[in-house]
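What you see is a predicted model; the values in this text were computed from it and never measured.
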Amino acid sequence: MEDPILNIEERESINSGRWFSSLSPSLRHDILRCAYVKRCKDGDLIAARGDAPEEWMACAKGAVRVSSTSLSGKQITFTYVEPGIWFGDVAILDGDRRTHDVYAHGETTILCVAKADFQKILSQHVEFYEAMLRLQARRIRQLFGLVEDLNTLPLRSRLAKQLLHLVRSYGVPSLSNGEEIRIGLHLAQEELAQLLGASRQRVNQELKAMEREDAIRIEPGGLVIRNRDALLRISETDN
């Protein structure tokens with residue numbers, strides 16, 4: 001479903017994004033001038049692995065699940081793209097096919113720039129090349145960090161780090177207790193396990209242990225962070 005206009009909240013998410021807000025006003029203007037909006041329902045396929053790249057995209061509302069399916073049929077989730085984050089540029093830059101499936105997680109709004117417009121902006125703004133290099137460099141650093149964590153940290157620490165990341169991206173302060181923060185992105189334990197490359201059973205065990213330590217609270221509607229400092233200490237433990 002397409003709607004030509006971002007609402008105020010969606011526009012603020014795009015404009016306040018760390019990378020996008022670092023661009024010059026003229027470059028931001030030219031990107032937004034040719035961008036169009038897609039509104040997606042939960043589970044809608046936004047782009048499929050193997051597709052030719054036709055659009056550069058940003059999440060303006062909700063979340064975007066980046067995943068793939070193994071030969072055995074196992075679903076593997078790599079990340080959830082939060083509002084203000086741009087994605088889909090790698091395939092446009094190298095001219096190859098898309099490497100992952102991309103789905104809407106919840107009611108999601110996507111801002112899109114057609115491939116031809118993306119390339120036109122590149123030809124008109126030298127700054128855009130440098131900005132894209134910074135964006136790729138940041139992703140590489142994040143990837144190195146994930147690989148390092150996977151090889152050096154136990155599941156308990158990686159789970160705590162993931163919860164802290166979700167709080168930064170989707171944290172909603174509790175109205176009843178100012179010290180508690182609810183993770184606004186609803187993830188089933190199976191989905192959380194996919195992010196960590198672990199089984200749902202093991203993730204469930206670790207979550208229950210954190211709940212006994214009063215670091216979190218497990219509710220039917222999601223997770224509530226009760227003590228961020230406790231989670232931070234867990235995330236820094238390597239044994």
Side-chain angles (χ1 to χ4, degrees), residues 1-68 77-143 165 168-170 185:
M1 181 174 59
E2 296 191 16
D3 188 324
I5 301 175
L6 292 174
N7 63 35
I8 294 175
E9 180 183 356
E10 293 165 345
R11 182 173 286 273
E12 175 59 24
S13 293
I14 295 295
N15 287 333
S16 62
R18 177 182 171 188
W19 177 80
F20 191 73
S21 64
S22 71
L23 306 179
S24 67
S26 63
L27 178 52
R28 293 200 305 269
H29 173 269
D30 282 358
I31 291 172
L32 295 176
R33 180 172 55 84
C34 61
Y36 51 95
V37 176
K38 289 184 178 180
R39 302 191 188 280
C40 308
K41 297 180 180 179
D42 181 42
D44 282 355
L45 178 65
I46 297 170
R49 181 175 183 172
D51 282 353
E54 300 296 339
E55 299 168 318
W56 178 46
M57 295 169 277
C59 180
K61 174 188 175 183
V64 174
R65 177 167 59 88
V66 180
S67 63
S68 68
T77 298
F78 296 97
T79 190
Y80 286 87
V81 178
E82 64 196 70
I85 301 297
W86 291 81
F87 63 97
D89 42 83
V90 172
I92 292 180
L93 289 170
D94 69 10
D96 209 340
R97 300 278 174 169
R98 296 215 183 270
T99 57
H100 300 94
D101 298 318
V102 180
Y103 294 91
H105 187 82
E107 296 289 326
T108 300
T109 301
I110 303 297
L111 188 66
C112 306
V113 175
K115 179 180 179 180
D117 289 322
F118 178 92
Q119 293 171 334
K120 182 178 179 181
I121 296 170
L122 272 178
S123 69
Q124 295 174 339
H125 292 268
V126 174
E127 172 198 352
F128 198 23
Y129 281 97
E130 298 175 354
M132 293 306 300
L133 284 173
R134 291 198 306 273
L135 185 60
Q136 304 311 315
R138 183 180 303 166
R139 288 176 182 159
I140 291 172
R141 287 180 181 274
Q142 292 172 342
L143 179 59
H165 171 72
R168 288 191 295 270
S169 302
Y170 294 97
L185 180 68

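A donor-acceptor pair under 3.5 Å links the side-chain atoms of Thr108 to the main chain of Ala63, judged by distance alone. A side-chain donor-acceptor contact under 3.5 Å links Arg98 to the backbone of Gly88. The closest donor-acceptor contact from the side chain of Glu127 to the backbone of Leu27 lies at 3.5 Å or more, if one exists at all. In this structure, Arg28 contributes its side chain and Leu23 its backbone to a donor-acceptor pair below 3.5 Å.
Across Ala91 and Pro53, no two heavy atoms sit closer than the pair O-CG, 3.5 Å. Residues Phe87 and Cys59 share a closest heavy-atom pair of CE2-N, 3.9 Å. Heavy-atom minimum distance, Gly62 versus Tyr170: O-OH, 3.4 Å. The two residues Val113 and Phe118 make their nearest non-hydrogen contact at CG1-N, 3.8 Å. Taking both residues in full, the closest heavy atoms of Cys112 and Lys38 are given as SG-CD, 4.0 Å, listed atom of the first, atom of the second, then distance. In plain terms, the two heavy atoms of Ala52 and Arg97 that are nearest each other are N-NH1, 3.4 Å.
The line from CZ of Arg139 to CG of Asp89 is 4.0 Å long, rounded to the nearest 0.5 Å. In this structure, Asp94 CG and Ile92 CD1 are separated by 10.0 Å, a value rounded to the nearest 0.5 Å. In this structure, NE2 in His105 is found 11.5 Å from OG in Ser67, a value given to the nearest 0.5 Å. Atom-to-atom distance recorded for Met57:CE and Ile110:CD1 is 7.0 Å, nearest 0.5 angstrom. To the nearest 0.5 angstrom, Leu6 atom CG is 11.0 Å from Lys61 atom NZ. Taken to the nearest 0.5 Å, the OG atom of Ser22 stands 9.0 Å off from the CG atom of Leu135.
For the pair Ile85 and Val64, the minimum side-chain heavy-atom distance is 4.5 Å or more. Under the 4.5 Å side-chain criterion, counting only non-hydrogen atoms from C-beta, Cys40 is in contact with Ile46. Side-chain contact check for Val90 versus Thr99: every heavy-atom pair is 4.5 Å or farther apart. Ile121 is listed as a side-chain neighbour of Cys34, based on a closest heavy-atom distance under 4.5 Å. Side-chain contact between His165 and Tyr80: absent, with no pair of heavy atoms (C-beta onward) separated by less than 4.5 Å. At least one side-chain heavy atom of Lys41 sits under 4.5 Å from a side-chain heavy atom of Glu107. With contacts defined as side-chain heavy-atom distances shorter than 4.5 Å, the pair Phe78/Leu143 does not qualify. Asp30 places none of its side-chain heavy atoms less than 4.5 Å from the side chain of Phe128.
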Go through the steps to decide whether Phe20 and Leu32 satisfy the test side-chain contact (heavy atoms from CB on, under 4.5 Å), and finish with yes or no.
CA-CA 11 Å; Phe20 191 73; Leu32 295 176; 3.9 Å; yes
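Exactly one residue among Ile14, Asn15, Asn7 makes a side-chain contact (heavy atoms from CB on, under 4.5 Å) with Arg11. That residue is Asn15.
No more than 12 heavy atoms of other residues, nucleotides or ligands shown are found within 6.0 angstrom of CD1 on Ile8. Glu9 CD: 12 or fewer foreign heavy atoms inside a 6.0 Å radius. Other residues, nucleotides and ligands place no more than 12 heavy atoms under 6.0 Å from the CZ atom of Arg49.
Under 4.0 Å is where a charged nitrogen must lie from a carboxylate oxygen, and between Asp117 and Lys120 no such pair does.
Taking the six-membered ring where tryptophan is involved, the planes of Trp19 and Trp86 are perpendicular, since the angle between them exceeds 60° and thus also 30°.
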